[in-house]
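For reference, the structure discussed in these notes is given below.
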Amino acid sequence: MKNKNFYIGNTIFKNPVFLASGPAGYGIEYRDLINLEKLGAVVTKTISLMPKEGNSGTRLQETEAGLLNSVGLENVGARCFFEEKFPELLNAGAKPVVSLACEGKEEYISLLEITSKQKKVEAVELNLSCPNVEEGGMAVGTDPELLRWYITKAKLILGNITVLAKLTPNVENISSLAVVSERAGADGITAINTLLGMDINLKSGGPVFDRVVAGLSGPAIMPVALRAVWEIAQVVRIPVIGVGGISSVEDSAKFFAAGAAAVQIGTAIFYDPGLPERIVDSLEV
Amino acid sequence: MTDLTMGSYETELLLSEKVSPSSFLLTLSKPDRFIDAMPGQFVSIKIGEGISPLLRRPYSIMDITKDSIVLLVRVVGKGSALLASRKKGDLIEIIGPLGGSCFELKDDLNAVFIAGGTGLAPLVFAARKWTKEKKPGELHLLYGAASSNEILADLCMRDFTEVHIATIDGSKGFNGNVVEMFQDLSERGVLPEGQLFSCGPVGMVKALLDSNAASFIDHHTSLEAVMACGVGACRGCVVPLKSKNGIEYRSVCGDGTVFRAEDIDWKRWGK
């Protein structure tokens with residue numbers, strides 16, 4: 001893998017190193033720590049039609065080599081995002097990929113319509129896989145019919161905007177869902193979202209998180225992500241973007257070797273914000 | 001609050017000094033950027049070499065000297081124990097100064113500081129900074145700990161007009177907790193009128209609010225939280241604030257660490 005321009009759908013990226021959706025927020029929070037301009041893209045935190053306040057109670061729990069989160073897609077909503085956050089991210093020199101929530105069908109269509117009117121949006125990533133919300137999210141990404149519907153609608157309404165489908169590993173057969181996504185028109189597959197987990201507070205004897213379950217990310221999930229990327233890359237022709245626990249330049253090289261066209265860095269930026277740029281450097285021709 | 005950016009720095013551990021059975025002062029070389037760090041701001045430290053523990057750990061700034069950053073660390077788990085084992089000359093990666101709000105003293109006013117445990121750190125920083133840069137009135141510190149050997153008041157006796165100490169076991173100063181001492185001192189008219197600043201366990205700050213702290217002009221508190229990003233991005237360390245529509249979440253790292261104590265929805269925070 002080298003740093004050179006490549007296409008996913010109609011969108012050109014200057015290198016295959018992206019920030020993953022979630023940890024980096026709207027991207028701009030990290031502009032003093034990460035040279036966003038140097039990266040292939042910044043995938044924003046997931047945006048829903050209306051503002052979401054996120055989940056109550058504990059939202060983070062460190063594990064051995066991992067991190068459980070139950071943030072619950074807290075975000076400012078599409079209107080505020082496109083008016084305030086998105087232009088700032090562009091001004092910071094980043095190439096944004098906007099992560100879109102897949103909530104109820106009506107809200108989703110409105111969200112796509114608003115997104116389609118934004119002249120500067122080149123690419124979106126459909127979050128078909130968040131484990132931390134009641135409606136939409138992972139439920140959509142585990143049902144082939146719903147998956148097909150959400151992707152088809154996005155392609156239809158978004159026109160030339162590139163559509164990535166982010167899949168959940170919490171299924172029996174992720175590659176068959178990747179095939180469904182490709183047939184529905186997805187321009188690329190992002191794999192994987194977090195694994196479902198939980199923790200118990202031994203003092204209370206009850207779950208740590210108000211919603212009981214949470215999403216596990218970090219180095220602990222890398223083998224699962226790598227396996228998913230490998231399997232998906234065998235069965236689809238569209239680019240596969242590998243994400244899950246990448247913590248070193250070597251980890252990213254494994255994803256490229258497994259068939260990833262690009263990688264995303266998520267949880268690692270919490271402890272090593274210099275990693276994405278080091279991966280870019282490692283790919284210098 | 002000045003709008004200055006934080007950065008990632010490699011600092012040198014200049015001194016690690018045990019100051020109580022469970023706490024130590026960590027002195028790190030100072031990157032230039034820290035010259036205008038504010039009380040209530042913090043740094044996030046990469047504790048170990050690899051991925052264990054995974055997350056950085058946040059520590060409130062206790063002092064900024066000409067050449068150094070001083071932090072107060074209490075050993076409570078794996079991360080802090082590892083940090084305690086680092087030696088003089090070790091290189092320590094930090095990000096900072098972090099935090100979007102800080103303690104602020106209005107001119108000429110008195111300040112009453114209430115600290116529990118390592119909550120002492122930002123309050124000492126505030127007292128030192130204001131004494132240097134402002135014309136504060138009286139600065140009173142009320143400091144509580146379980147026992148006299150955990151009282152770190154010797155570190156900061158000269159920074160305050162008066163230091164009042166409470167121990168639960170009665171081994172030094174007032175016999176009881178710091179909030180009971182606060183009530184006692186208030187009733188006896190020992191404390192001057194002015195602003196109230198606190199940092200300590202959730203139970204302490206809640207109890208302060210339930211006491212007669214309302215008679216002060218306002219009460220700002222610096223919160224502690226488990227954090228991931230430290231920069232307000234990930235929304236992992238949010239605190240619920242009361243709002244017209246119920247609650248609003250603010251991040252402790254990006255919007256805090258300092259909040260008006262009354263604004264916090266204490267029923268939902270620190271359960």
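Protein chains get the first letters and strands the later ones, always in sequence-line order, with residue 1 at the start of each.
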query: If you take all heavy atoms of B:C237 and A:L60, which pair is closest and at what distance?
result: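 What the structure gives for the nearest pair is N-CD1, 4.4 Å.
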
field: Residue pair B:A233 / A:P23: nearest heavy atoms and the distance that separates them
entry: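 Minimum heavy-atom contact is CB-O, 3.5 Å.
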
Is [Y] close to [X] at the side-chain level, that is, under 4.5 Å between some pair of heavy atoms?
{"X": "A:S56", "Y": "B:Y249", "result": "yes"}
{"X": "B:S44", "Y": "A:F270", "result": "no"}
{"X": "A:T267", "Y": "B:L54", "result": "yes"}

task: Output yes when A:E29 and B:R235 qualify as a salt bridge under the 4.0 Å nitrogen-oxygen rule, no when they do not.
output: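 So A:E29 does not pair with B:R235 through a salt bridge.
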
query: Between B:S52 and chain A, which part of the residue has a heavy atom less than 4.5 Å away: side chain, backbone, both or neither?
result: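 For B:S52, the side chain is the part near chain A, not the backbone.
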
field: B:P240, part contacting chain A, at a heavy-atom distance under 4.5 Å
entry: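 Neither part.
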
query: Which atoms of A:N55 come close to chain B, meaning under 4.5 Å heavy atom to heavy atom: side chain ones, backbone ones, both, or neither?
result: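 A:N55 touches chain B through backbone heavy atoms alone.
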
- prompt: Can you say whether A:E64 sits under 4.5 Å from chain B via the side chain, the backbone, both, or neither, judging by heavy atoms?
  reply: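 The side chain, not the backbone.
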
message: Given 3.5 Å as the limit, does a donor-acceptor pair link the side chain of A:E62 with the main chain of B:L55, or not?
response: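 Checking the backbone N and O of B:L55 against the side chain of A:E62, a donor-acceptor pair under 3.5 Å is found.
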
Largest heavy-atom contact set with chain A, pairs under 4.5 Å, which of B:C234, B:A225, B:S8, B:A228: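 Counting heavy-atom pairs under 4.5 Å, the top option is B:A228.
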
message: Report, in residue-number order, which members of residues 69-95 of chain B are under 4.5 Å from chain A by heavy-atom distance.
response: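 When heavy atoms of chain A are the reference, residues 69-95 of chain B contributes B:K78, B:I95 within the under-4.5 Å range.
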
message: Please determine whether the number of non-hydrogen atoms from other residues, nucleotides or ligands lying under 6.0 Å from atom CG of B:D32 exceeds 12.
response: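 No, not enclosed.
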
field: A:K254, NZ atom: more than 12 neighbouring heavy atoms under 6.0 Å
entry: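 Open: at most 12 neighbouring heavy atoms sit under 6.0 Å from NZ of A:K254.
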
- request: Could you list which of residues 65-72 of chain A have a heavy atom closer than 4.5 Å to any heavy atom of chain B, in residue-number order?
  value: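 Near chain B, by residue number: A:A65, A:G66, A:L67, A:V71.
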
